[in-house]
Amino acid sequence: MLEKLRITKKQKLLIDTIVATGCSIKRASEIAGYSKGESGRVTASKTLRLPHIQEYMQQRVRESIGLNATKASNKMLELSSNAKSEY
């Protein structure tokens, strides 16, 4: 049986930065502490292709959508209730 792979602090920070800010892989890799420049971006890009990393990223995206959907729904109701016209 395969042992579940763990996510390092650097990988977690990479994912959390991308999900929270929507920044580029290059910028997120710099924030997470990967090598500067193109080599850091390439390493981060390869990291993002790993199945256990993709699983964590999907989990974080689902959580983010769930939290923000409530805010978005509330804003839509507020805008439609206070609109001066139907446009």
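Side chains included, hydrogens not; waters and symmetry mates left out as well; all remaining heavy atoms used. Just so you know, these numbers come straight off a predicted model, no measurement behind them.
In the hydrophobic clustering (ILVMFWY side chains linked at under 4.5 Å, chained through shared members), Leu79 stands by itself. Applying the under-4.5 Å side-chain rule to Ile, Leu, Val, Met, Phe, Trp and Tyr, the cluster around Ile31 consists of that residue alone.
Minimum heavy-atom separation, Arg27 to Ser24: N-OG, 3.1 Å. Of all the heavy atoms in Ala32 and Leu13, the pair that sits closest is CA-CD2, 3.5 Å. Closest of all the heavy-atom pairs between Ile15 and Met57 is CG2-CA, 3.7 Å. Shortest non-hydrogen contact noted between Ile7 and Lys12 is CG2-N, 3.5 Å.
At least one donor-acceptor pair under 3.5 Å links the side chain of Asn68 to the backbone N or O of Ser64. Under a 3.5 Å cut-off, the side chain of Thr47 and the backbone N or O of Thr43 do form a donor-acceptor pair.
For Ala44, the side chain to side chain contact (heavy atoms under 4.5 Å, CB included) partners at least two apart in sequence or on another chain are Leu14, Ile25, Ser29.
Between atom OH of residue Tyr56 and atom CZ of residue Arg6 there is a gap of 14.0 Å, rounded to the nearest 0.5 Å. In this structure, NZ on Lys26 lies 13.5 Å from OG on Ser45, to the nearest 0.5 angstrom. Atoms CE and OG, from Met76 and Ser81 in turn, are 11.0 Å apart once rounded to the nearest 0.5 Å.
Checking Gln54 against Gln58 by side-chain atom types alone, no donor-acceptor pair falls below 3.5 Å.
Residues Gln11 and Tyr34 have side chains in contact (heavy-atom distance under 4.5 Å, counting atoms from C-beta outward).
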